[in-house]
Amino acid sequence: MDRRGFLRYTALSAGAMAVGGWALGAACEGFPTLPEPAVRAPLRFGRPMAGRGELVASPGAGIALGDGRVAPAWGYNDEVPGPTIRVRRGELVDIRFRNELEQETTVHWHGMVVPSEMDGHPARPVAPGHEFAYRYEVVQRAGTYWYHAHPHHHAGEQVFRGLAGVLIVEDEEEDALGRPTGDYELPLVLRDARVDRSGALRYASDPTSPRGDFPVINGVPYPEHDVARARYRLRVLNGSNARVFRLALSNGAPMTVIGNDGGLLEVPESVSRVELGPAERVDLLVDFRQYAPGEWIALQCLRSGWDLLEFVEGDGEPVDKPPIPTPLSMIEPLSPTQVRAERTFVFEGHSRINGKRFDPERIDFRVPLGQVERWTFRAEGSAPHPIHVHGTHFQVVSRSGGRGRVFPWERGWKDTVLLLDGEVVDVLVRFGDYRGLYLIHCHRLEHEDGGMMLNFEVV
Ligand code: C2O
Ligand code: CU
């Protein structure tokens, strides 16, 4: 066994002991259709793209499986994930989108608050061979957002085949913090996938067992990444159709949560794990200064037992940076005393909210612009249900049943919140920017496609 293999071996056994049942968890997942390779492929990143330019959805992309085979995929600008779009608050985004797929699609800017006609609503499809110019102003805070396909009935398949990418918003408040940038900032799109014997992606739209069986990070199955002895910012997106990740470092070291769906938290929070449902983001600082050159650390998922991403520590002197200041940002708290209306949403089975299935022609409720409301989300079977609201961000105020608490990574502004079985989550929400048609839905994409989605109008 070489040095790396030895370090890996000891880290694995330590990890297995630290979290009992870890290896067992892995066994429960069944045999992956793509096993972990002896040598991991290097991580890569979406090509940088500005807020102006051309975005093309086409079947011209691929996922290299690491054994010489390439699984054909659908990509934006031939990439999986698509380009990493970076914009600044106040900027005008102007992206000419072209659909070169053989089916309708739309581009939804998840977490971005945009006018309803720019939101990628499934009622505004872009037909095969057609173009649409997505134009909007970046009105919200710095943070990690994303974009993905959102057509009627086919969001699950299109995202599974690769149509997703990261969108980063920057602003002055965040610049002032001196957080890690450049090579020290890692946008990470975590997802799972599944292939058939020929190495082609195998998509099953079944809402009961839609999960993949091996990890793909930034389009690379089982990657590794060389890190310097420095502090890194991991901008993590769960880009899976249905899988919930429980993220932790293999050595159990703490990670510092500095942000989530809607940007920076008020204060950094130290955690040893983060539970991340589909479409949720978490912004983590990980300190690699304390490890020895050549040491191996993995970002693991404790639910699946996967080593999602292996970090290999570089040599050289630790890079010293000033500590992250506290508070990180100011967050206006929405207060229960401001609440003017209450609504309850019951997520039932695989396809219904309050007994209804999505009908693109029907407007299910209306919300006055600028009004604070309390929305209660309740899971009635078939969870996890990651609940997403378009056109705003909300604040999670309570969770009862199930896990019974609000977690540190759920503070601040969220656009998606995870509901497990038996859970009731209350959020305070306000639509402050635009009137028009928006959506609330389960972001488990097979549930969304099955109809677990409602239209509402901000009036
Ligand atoms: Cu990311 Cu309506 O979704
Ligand atoms: Cu659901």
Side-chain angles (χ1 to χ4, degrees), residues 76 81-82 105-114 116 118-125 134 143-160 163-167 189-191 205-211 237-244 260-262 276-281 345-358 360 364 377-394 402 414-423 425 436-456:
Y76 290 118
T105 189
T106 70
V107 185
H108 171 56
W109 313 91
H110 183 123
M112 301 291 283
V113 177
V114 304
S116 154
M118 296 296 152
D119 199 40
H121 190 286
R124 296 179 173 272
Y134 288 98
T144 308
Y145 303 92
W146 62 304
Y147 59 100
H148 62 81
H150 209 312
H152 196 33
H153 292 317
H154 294 284
E157 177 175 17
Q158 291 191 6
V159 172
F160 182 83
L163 291 172
V166 172
L167 196 166
V189 183
L190 315 183
R191 55 165 292 184
S205 62
D206 176 1
T208 60
S209 62
R211 291 187 306 176
L237 156 68
N238 182 348
S240 302
N241 282 33
R243 179 177 292 277
V244 176
N260 57 8
D261 303 357
L276 204 64
E280 290 189 290
R281 285 87 72 208
F345 301 87
V346 182
F347 298 85
E348 300 154 322
H350 302 296
S351 61
R352 286 186 156 80
I353 304 176
N354 296 344
K356 294 198 272 193
R357 282 177 110 117
F358 182 62
D364 295 289
F377 303 143
R378 202 166 75 226
E380 214 123 275
S382 310
H385 301 298
I387 307 310
H388 173 46
V389 180
H390 287 215
T392 193
H393 288 90
F394 51 75
K414 293 280 291 167
D415 57 47
T416 308
V417 65
L418 184 62
L419 271 187
L420 297 186
D421 269 324
E423 292 186 353
V425 169
L437 188 67
Y438 294 99
L439 294 165
I440 175 173
H441 62 88
C442 178
H443 217 288
R444 194 159 151 192
L445 296 177
E446 289 69 31
H447 289 185
E448 170 186 331
D449 285 342
M452 193 176 274
M453 176 152 77
L454 297 179
N455 265 324
F456 61 90

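Order of appearance sets the numbers: ligands from 1, and atoms from 1 within every ligand. All values reported here derive from a predicted model rather than from experimental measurement.
With waters neither drawn nor counted, the protein N/O/S atoms under 2.8 Å from the Cu ion (ligand 2) amount to 3. Neighbours of atom 2 (Cu) of ligand 1 restricted to protein N, O or S atoms under 2.8 Å: the count is 3.
There is a side-chain donor-acceptor pair under 3.5 Å between Thr105 and Gln158. Side chains of Asp415 and His110: a donor-acceptor N/O pair is present below 3.5 angstrom, by distance only. Looking at His447 and His385, their side chains do bring a donor and an acceptor atom within 3.5 Å of each other.
Separation of the His108 and His121 ring centroids does not fall under the 6.0 Å cut-off. Ring-centre distance between His441 and His390: below the 6.0 Å cut-off. With ring centers used as reference points, Trp109 lies under 6.0 Å from Tyr134.
Using a distance-only test at 3.5 Å, with no hydrogens or angles considered, a donor-acceptor pair links the side chain of Asn455 to the main chain of Pro360.
Cation-pi geometry between Arg191 and Phe160 is met: under 6.0 angstrom from the ring centre, within 45 degrees of the axis.
A salt bridge is absent between Arg444 and Glu446; no separation between the charged side-chain nitrogens and carboxylate oxygens falls under 4.0 Å.
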